[in-house]
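What you are looking at is a predicted structure, and each value in this text was computed from that prediction instead of being measured. All heavy atoms count here, side chains included; hydrogens, waters and symmetry mates do not.
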Amino acid sequence: MAYRVLGRAGPPQPRRARRLLFAFTLSLSCTYLCYSFLCCCDDLGRSRLLGAPRCLRGPSAGGQKLLQKSRPCDPSGPTPSEPSPPSAAAAAVPAPRLSGSNHSGSPKLGTKRLPQALIVGVKKGGTRAVLEFIRVHPDVRALGTEPHFFDRNYGRGLDWYRSLMPRTLESQITLEKTPSYFVTQEAPRRIFNMSRDTKLIVVVRNPVTRAISDYTQTLSKKPDIPTFEGLSFRNRTLGLVDVSWNAIRIGMYVLHLESWLQYFPLAQIHFVSGERLITDPAGEMGRVQDFLGIKRFITDKHFYFNKTKGFPCLKKTESSLLPRCLGKSKGRTHVQIDPEVIDQLREFYRPYNIKFYETVGQDFRWE
């Protein structure tokens, strides 16, 4: 009996050990799997928290567009299906484009805006000089040509007009010049409809001198036109001036101004003296800068007097190796006019000039 009891108690020992070993091994495996799972989740969580971008393994013919938006991988070595090194994928990613200045090739040069200021007149008054002088200012960008939008091209629409403008930054003023606006009946209303805050610049000049300059320019293009005297008078003996001739009518400034004052207050219109623009360009341009609300950047140091042309020119600047003068068509010698004709025209313009002085509150001393 004793033998049978001992025989039954001895054999179970190895089975119990095996069970314990199996349980230990199973526990160790589970621990390893849990640890691996936790590590994987931790890496994934940190990747999402840090916003790490996904990457592509390498360039392929159908994946070039994706490469431009994805970060290339940096594997430790090439794979059989991707013989190209990681640097090739990195080279496919374009470098970031930096914003540049107004004179760079970058697309971020500013915005094309409708002009906040206009030089609206008058023809042969000195508008080109004012435009060229004010363009020196870093806070002004101006269109070089005359768009004639508010008189000839209004039907093209404001989008077309805006497309002509130079690109400007928020701190810069967009400006254009078309002298014929001042004598165009519809121009004040059209400009007002664009923006009632538009600032207007009018360059005026002794109307007799202006008419002679206008005629001189036309004569250079059409040598067979009638004489200045013949165009100026319907009857010179009676002193009847022909106001239908545009060269005469432009100089009746106060009549044209009435149309503008129906839409714009006088405070929004600045009058530049064409005569003082020659004798004191820095002073006149200083007042223009004040009117535009910009710093007085253009001063005496920017000008010198060109004796050949008879008016001031811009000195050379850091961006220009040569001085800047107006073109050959500016400063040409006027045709000789009979002094009696000049006196008759002065008498004709006198009442218009006086009323103009009173309206704008400025005496231009043309008499």
Give the intermediate values and the outcome of side chain to side chain contact (heavy atoms under 4.5 Å, CB included) for residues Phe233 and Leu238. CA-CA 9 Å; Phe233 295 92; Leu238 299 176; over 6 Å; no
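- Closest of all the heavy-atom pairs between Leu143 and Leu164 is CD1-O, 3.1 Å.
- No chain of hydrophobic side-chain contacts below 4.5 Å, direct or via other Ile, Leu, Val, Met, Phe, Trp or Tyr residues, connects Leu257 to Ile119.
- Using modelled atom types, one finds no donor on one side chain facing an acceptor on the other under 3.5 Å when comparing Gln172 with Thr174.
- Contact check on Arg162 versus Asp159 returns a salt bridge, with a Lys/Arg side-chain nitrogen under 4.0 Å from an Asp/Glu carboxylate oxygen.
- To the nearest 0.5 Å, atom CD1 of residue Ile201 and atom NZ of residue Lys177 are 12.0 Å apart.
- In this structure, Arg205 contributes its side chain and Gly274 its backbone to no donor-acceptor pair below 3.5 Å.
- Cluster annotation: Val203 and Val122 are assigned to distinct hydrophobic clusters (Ile/Leu/Val/Met/Phe/Trp/Tyr, side-chain heavy-atom contacts under 4.5 Å, transitive).
- Of all heavy-atom pairs between Pro179 and Thr127, the closest is CG-OG1, 3.5 Å.
- The closest donor-acceptor contact from the side chain of Thr184 to the backbone of Ala187 lies at 3.5 Å or more, if one exists at all.
- Ile354 forms part of no hydrophobic cluster, judged by ILVMFWY side-chain heavy-atom separations under 4.5 Å.
- In this structure, the side chain of Lys112 engages the main chain of Ser163 through a donor-acceptor pair within 3.5 Å.
- With 3.5 Å as the limit, one finds no donor-acceptor pair spanning the side chains of Tyr181 and Glu186.
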Would you check, one step at a time, whether the test side chain to side chain contact (heavy atoms under 4.5 Å, CB included) holds for Leu118 with Thr178? CA-CA 8 Å; Leu118 299 171; Thr178 303; over 6 Å; no
Show, in sequence, the C-alpha distance, side-chain angles and deciding distance for Gln268 and Tyr263, and conclude whether the side chain to side chain donor-acceptor pair (under 3.5 Å) test is met. CA-CA 10 Å; Gln268 266 178 249; Tyr263 293 91; over 6 Å; no
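- Here the closest heavy-atom approach between residue Ala117 and residue Leu292 is recorded as CB-CD2, 3.8 Å.
- Side-chain contact between Lys123 and Ser180: absent, with no pair of heavy atoms (C-beta onward) separated by less than 4.5 Å.
- No single ILVMFWY cluster, assembled from side-chain heavy atoms under 4.5 Å apart, contains both Val272 and Val183.
- No salt bridge links Lys295 with Asp139; every basic N to acidic carboxylate O contact stays at or beyond 4.0 Å.
- In this structure, Arg296 and Asp290 approach most closely via the heavy-atom pair NH2-OD2, 2.6 Å.
- In this structure, the side chain of Thr111 does not engage the main chain of Arg113 through any donor-acceptor pair within 3.5 Å.
- When side chains are defined from C-beta on, Val202 does not count as touching Trp260, because their heavy atoms never get closer than 4.5 Å.
- Here the side chains of Asp338 and Arg236 are in contact, with some heavy-atom distance below 4.5 Å.
- Aromatic pair His302/Phe297: ring centres closer than 6.0 Å.
- A continuous path of hydrophobic side-chain contacts links Leu114 to Tyr154 [ILVMFWY only; heavy atoms under 4.5 Å].
- Interatomic distance, CG of Leu314 versus CD of Glu132, reported as 7.5 Å (0.5 Å rounding).
- Here the side chains of Arg276 and Arg287 are in contact, with some heavy-atom distance below 4.5 Å.
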Kindly determine whether Thr333 and Thr216 satisfy side chain to side chain contact (heavy atoms under 4.5 Å, CB included), including the steps that lead there. CA-CA 8 Å; Thr333 303; Thr216 301; over 6 Å; no
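- Under a 4.0 Å N-O distance rule, the pair Asp300/Lys315 does not qualify as a salt bridge.
- When every heavy atom of Ala282 is checked against every heavy atom of Thr299, the shortest pair comes out as CB-C, 3.7 Å.
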Between Phe364 and Phe271, does a ring-ring contact (aromatic ring centres under 6.0 Å, His included) hold up when you go through it step by step? CA-CA 10 Å; Phe364 291 92; Phe271 298 91; 7.0 Å; no
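- Aromatic pair Tyr161/Phe150: ring centres closer than 6.0 Å.
- Evaluation of the ring pair (Phe, Tyr, Trp, His ring centres under 6.0 Å) rule for Phe305 yields no partner, not counting sequence neighbours.
- Note on residues 244-253: pairs passing side chain to side chain donor-acceptor pair (under 3.5 Å), not counting sequence neighbours, are Asp242-Ser244.
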Decide yes or no on side chain to side chain contact (heavy atoms under 4.5 Å, CB included) for Lys355 and Met252, but give the supporting numbers first. CA-CA 10 Å; Lys355 190 174 181 181; Met252 301 162 70; over 6 Å; no
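- Listed for the Arg135 side chain is no donor-acceptor partner under 3.5 Å among the backbone atoms of Val140.
- The shortest distance between side-chain heavy atoms of His334 and Thr209 falls below 4.5 Å.
- We find the CD-CD distance between Gln344 and Glu340 to be 7.0 Å, quoted to the nearest 0.5 Å.
- With sequence neighbours excluded, the residues that form a ring pair (Phe, Tyr, Trp, His ring centres under 6.0 Å) with Phe348 are Tyr352.
- Using a distance-only test at 3.5 Å, with no hydrogens or angles considered, no donor-acceptor pair links the side chain of Thr198 to the main chain of Met194.
- Two residues are said to be in side-chain contact when any heavy atoms from C-beta on lie closer than 4.5 Å; Trp160 and Asn153 meet this criterion.
- In this structure, the side chain of Ser213 does not engage the main chain of Arg210 through any donor-acceptor pair within 3.5 Å.
- Residue Phe264 is not grouped with residue Val288 when hydrophobic side chains (ILVMFWY) are merged at heavy-atom distances under 4.5 angstrom, including chains of intermediate members.
- Of the inter-residue distances, the one linking Thr218 atom OG1 with Lys124 atom NZ reads 9.0 Å to the nearest 0.5 angstrom.
- A donor-acceptor contact shorter than 3.5 Å links the side chain of Gln289 to the backbone of Met285.
- Within the model, atoms CD1 of Ile134 and CZ of Arg141 stand 13.5 Å from one another, a figure rounded to the nearest 0.5 Å.
- Within the cation-pi definition used here (under 6.0 Å to the ring centroid, within 45° of the axis), Lys199 qualifies as a partner of Phe291.
- With sequence neighbours left out, the side chain to side chain contact (heavy atoms under 4.5 Å, CB included) criterion links Ile337 to Ile212, Phe228, Glu229, Val335, Val341, Ile342.
- Closest non-hydrogen pair, Phe303 versus Pro312, comes out as CD2-CB, 4.4 Å.
- Residue pairs meeting the side chain to side chain donor-acceptor pair (under 3.5 Å) criterion with at least one partner in residues 358-367, sequence neighbours excluded, are Glu275-Trp366, Asn353-Glu367, Tyr357-Glu367.
- Side chains of Gln185 and Ser259 form a contact here, defined as non-hydrogen atoms less than 4.5 Å apart.
- Annotation: side chain of Ile269 is in contact with side chain of Leu261 (closest heavy-atom distance under 4.5 Å).
- Atom CG of Leu131 sits about 9.5 Å away from atom CD of Glu176, to the nearest 0.5 Å.
- The pair Glu146-Arg152 does not meet the salt-bridge criterion, since no charged nitrogen lies less than 4.0 angstrom from a carboxylate oxygen.
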